[in-house]
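Worksheet: one structure, shown below.
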Amino acid sequence: MGIANLPPFVVFFVFALLAPLLQGKSRVLLILAPVLGALNLFFNGADSTGMTWEVAGMSLSLYQVDRLSMLFGYLFHLAAFIALIYSVHVKDTIQQVTGLLYAGSAVGAVFAGDLLSVFMFWELLAITSAFLIWARRTPEAIRAANRYVIIQVLSGVLMLSGTIMLYQQTGSLALTAIGLDDSAASWMIFIALGIKCGFPFLHTWLTDAYPLATPTGTLYLSAFTTKVAVYLLARLFPGEELLIYIGAAMTCFPIFYAVIENDLRKVLAYSLINQLGFMVCGIGIGTALALNGAVAHAFNDVIFKGLLFMSMGAVLTRVGHVNGSDLGGLYKTMPRTTLFCLVGAASISAFPLFSGFVSKSMVMAALLEQDQTIVWLMLLFASAGVFHHAGIKIPFFAFFAHDSGLRPKEAPVNMQIAMGLSAVLCIVIGVNPQWLYAMLPWQIDYTPYDVTHVLTQLQILFFSALAFVWLNKQGLYPPELRSVNLDVEWFYRRPLPAAGRWTVARLTGLRDGLSGLFHGIVGQFEGRARPMPTGTVTILTRRMAYVFIALMLLALASLTV
Amino acid sequence: MSQSDKDSGLFDNPAVVTWILRVFYVLCAGLVIADFIVHRHIYNDLEKIPAFYALYGFVACVILVFVAKWLRHLLMRDENYYEAPLDAADASSSSTHNDKEHH
């Protein structure tokens with residue numbers, strides 16, 4: 001059957017072409033893209049013999065199916081489904097089209113069977129996603145999108161360079177474990193993935209741009225780019241020890257920023273890096289349990305982080321901003337959004353019976369099995385911290401805290417449906433993790449719900465909350481302040497442009513100086529070419545006479561010596 | 001949630017908040033007591049410390065907040081540090097037409 005071998009991204013791209021034709025209520029039909037795609041994947045995916053593409057004598061694979069790519073394939077269809085419901089009310093065609101192209105590129109990347117095809121979708125992801133930030137159309141968003149696209153393309157260039165070098169060395173473009181060795185190729189690909197995965201020092205594109213995209217745009221962004229990077233890390237660098245330490249650093253450093261950040265969507269962006277840290281760490285450990293934990297957590301994170309971004313997007317849509325300093329008391333008029341946000345908060349904090357619990361505990365258990373005590377303590381610290389900022393701070397400052405006097409309407413119905421769907425999924429997966437575990441790529445036997453796990457996790461969470469209550473009562477909790485906090489982006493937003501301006505100023509100075517000199521010389525000749533007024537002739541004659549006399553005197557002086 | 005009276009919600013009532021906190025404190029105490037009753041699997045020597053997770057969670061969050069507050073001295077800048085709004089019109093438009101979705 002022909003449709004069995006149709007690469008899944010094609011469905012999204014076809015619907016993206018149709019999107020501009022659908023106006024008004026018929027825009028709802030776009031939801032069919034992920035539905036049809038997922039049905040096709042479900043009924044025909046496993047039977048696919050794949051599809052190859054002959055380019056310049058090379059055979060590129062656009063459709064390669066295994067359990068890992070299937071898991072991410074379903075995840076991305078689900079994420080696109082939720083995002084499309086959430087954005088039904090959006091009348092901006094650019095967002096509709098690029099959202100679909102972006103989701104399609106992510107699906108393309110996970111089913112791509114070789115490095116060159118991956119690169120192609122890697123770049124498509126970069127470009128299509130940037131439009132979701134540009135679509136906000138504020139000067140800040142446009143500038144952030146410009147920075148975003150430069151960094152994303154840099155990642156693509158590294159990926160392509162690494163791929164070409166690897167091809168020259170091995171003659172293969174196969175998407176198999178590369179591992180870090182002393183070849184530049186492996187490092188280039190590693191850093192390309194690291195940029196998109198938000199490794200420390202390479203992460204600021206994320207915290208810079210995600211809070212500035214449109215409400216629906218940020219939902220798309222949070223689902224795809226970083227998760228494609230996690231998928232590829234699991235494919236290319238499983239069990240790479242360095243990743244354990246990078247992941248541990250990623251879990252810890254963003255939570256400090258999250259505590260003092262005012263823009264609640266930026267808090268979520270930092271929290272996204274923190275969650276990616278758990279996945280990266282799991283991939284670094286590399287055992288079946290850890291890898292399953294990493295991909296299961298990626299699956300859950302797309303849903304619960306999406307849910308949190310959706311609830312903040314709803315607040316942004318209704319209030320116009322998401323600054324913690326100016327929100328509060330919204331639960332009175334947005335009760336359903338509040339409830340959905342609380343479900344997302346419980347899930348990301350890994351409360352028992354919510355989805356985060358059943359996947360994060362796998363990574364933690366794998367760390368204990370490997371006797372990685374320090375890293376385990378770091379991740380435990382991060383678990384307490386994530387509850388503190390994403391579990392408590394986000395819902396507390398947005399919906400409770402002091403009454404801001406804001407009385408916005410409840411979120412649009414389609415937004416509520418999308419949030420409700422995600423909330424239900426968070427609880428269903430949390431209560432019945434076997435459904436998710438059955439889809440995991442590696443064979444394991446793991447039960448998250450035993451007395452020890454539940455008790456210890458509840459202790460961590462309740463006492464983190466107790467710390468929050470105590471600090472608040474003592475007046476020690478840092479107030480939400482309108483501010484920006486310096487991060488690595490400072491280097492490319494302050495000294496780098498300053499150095500650029502300095503260089504340009506010097507070069508223009510030099511150019512102006514040279515052209516001044518040139519014009520002076522040319523001017524002299526031009527002056528000669530024009531017929532001179534008589535006065536000038538007299539002056540010139542006199543000057544020539546002086547020069548003649550001086551020369552004669554010099555000649556006489558030389559004779560007398 | 002009290003939908004009828006939108007100006008004073010359920011959580012504006014100090015008595016309600018006090019009760020919520022009381023229940024919360026009791027639950028915290030219960031979790032520590034449970035630690036001594038329930039048999040826990042020990043994977044790591046640190047876990048032998050009584051109520052290790054509770055202590056760690058509390059201390060971690062207090063340290064987190066103190067370090068973050070200290071980081072503020074180092075990292076916090078004015079809201080317009082990187083780029084001041086281009087002009088007054090831009091500043092107002094960025095908050096009102098933040099979203100083209102409702103046109």
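Every chain is numbered from 1 and lettered A, B, ... according to where its sequence line falls, protein lines coming before strand lines.
Considering OG1 of Thr456(A) and CG of Asp35(B), their distance stands at 9.0 Å, rounded to 0.5 Å. Atom CH2 of Trp490(A) sits about 9.0 Å away from atom CZ of Arg77(B), to the nearest 0.5 Å. One finds the CG atom of Leu31(B) at 11.5 Å from the CD1 atom of Ile460(A) (value rounded to the nearest 0.5 Å). In this structure, CG on Leu64(B) lies 5.0 Å from CD1 on Ile255(A), to the nearest 0.5 angstrom. In this structure, CG on Asn80(B) lies 11.0 Å from CZ on Arg482(A), to the nearest 0.5 angstrom. For the atom pair CZ of Phe11(B) and OG1 of Thr338(A), the computed distance is 9.0 Å after rounding to the nearest 0.5 Å.
Residues meeting the ring pair (Phe, Tyr, Trp, His ring centres under 6.0 Å) test with Phe24(B), sequence neighbours left out: Phe462(A). For the ring pair (Phe, Tyr, Trp, His ring centres under 6.0 Å) test, residues two or more places apart in sequence or in another chain that qualify with Trp134(A) are Phe131(A).
Residue Gln457(A) does not touch chain B at all, counting heavy-atom pairs closer than 4.5 Å. Contact annotation for Leu212(A): neither backbone nor side-chain heavy atoms come within less than 4.5 Å of a heavy atom of chain B. Residue contact with chain B, scored on non-hydrogen atoms closer than 4.5 Å, is absent for Phe387(A). Heavy-atom distances place the side chain of Leu368(A), and not its backbone, under 4.5 Å from chain B. For a residue to count as touching a neighbouring chain, one of its non-hydrogen atoms must lie under 4.5 Å from one of that chain's; by this rule Ala141(A) does not touch chain B. For Pro497(A), no part lies near chain B; criterion is any non-hydrogen pair under 4.5 Å. There is no contact between Leu461(A) and chain B, counting heavy-atom distances below 4.5 Å.
Crowding of Ile374(A) atom CD1: a count of heavy atoms from other residues, nucleotides or ligands under 6.0 Å not exceeding 12. Other residues, nucleotides and ligands contribute at most 12 non-hydrogen atoms within 6.0 Å of the CZ atom of Phe491(A).
The heavy-atom pair separating Tyr257(A) from Leu75(B) by the smallest distance is OH-CD1, 3.5 Å.
Contacts with chain B were tallied for Ala365(A), Pro479(A), Gly405(A); Pro479(A) has the most, counting heavy-atom pairs under 4.5 Å. Heavy-atom pairs under 4.5 Å with chain B were tallied for Val484(A), Leu377(A), Asp371(A); the largest tally goes to Val484(A). Annotation: maximal heavy-atom pairing with chain B below 4.5 Å, among Ser464(A), Ser87(A), Ala384(A), occurs at Ser464(A). Per-residue counts of heavy-atom pairs under 4.5 Å with chain A were compared for Tyr43(B), Tyr56(B), Phe52(B); the largest is that of Tyr56(B). With chain B as partner, the option from Val451(A), Asp450(A), Leu380(A), Asn262(A) having the largest number of non-hydrogen pairs under 4.5 angstrom is Leu380(A). Between chain A and the residues Val67(B), Leu74(B), Asp45(B), Ile42(B), the largest count of heavy-atom pairs under 4.5 Å involves Val67(B). With respect to chain B, the highest number of heavy-atom pairs below 4.5 Å among Cys252(A), Gly329(A), Ala382(A), Ala465(A) belongs to Ala465(A).
Taking 4.5 Å as the limit, some side-chain heavy atom of Leu481(A) sits within range of a side-chain heavy atom of Arg72(B). Contact annotation: the side chain of Ser483(A) never approaches that of Glu79(B) to less than 4.5 Å [non-hydrogen atoms, C-beta and beyond]. Annotation: side chain of Val259(A) is not in contact with side chain of Lys69(B) (no heavy-atom distance under 4.5 Å). Here the side chains of Leu55(B) and Gln459(A) are not in contact, with every heavy-atom distance at 4.5 Å or above. No side-chain heavy atom of Met76(B) sits under 4.5 Å from any side-chain heavy atom of Ile260(A). For the pair Leu476(A)/Val65(B), no side-chain contact is recorded, criterion being any heavy-atom separation below 4.5 Å from C-beta on.
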Using atom types as modelled, flag every donor-acceptor pair under 3.5 Å from a side chain in residues 466-474 of chain A to any protein atom, sequence neighbours excluded.
none

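At a heavy-atom separation below 4.5 angstrom, chain A is approached by Leu21(B) within residues 13-22 of chain B.
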Apply side chain to side chain contact (heavy atoms under 4.5 Å, CB included) to Phe463(A) and Val59(B), showing your working.
CA-CA 9 Å; Phe463(A) 279 80; Val59(B) 173; over 6 Å; no
For the pair Tyr81(B) and Arg494(A), evaluate side chain to side chain contact (heavy atoms under 4.5 Å, CB included) and give the outcome as yes or no after the intermediate values.
CA-CA 10 Å; Tyr81(B) 173 76; Arg494(A) 275 299 177 101; 3.5 Å; yes
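Side-chain N or O atoms of Tyr53(B) include none that pairs as donor or acceptor with a backbone N or O of Leu458(A) at under 3.5 Å.
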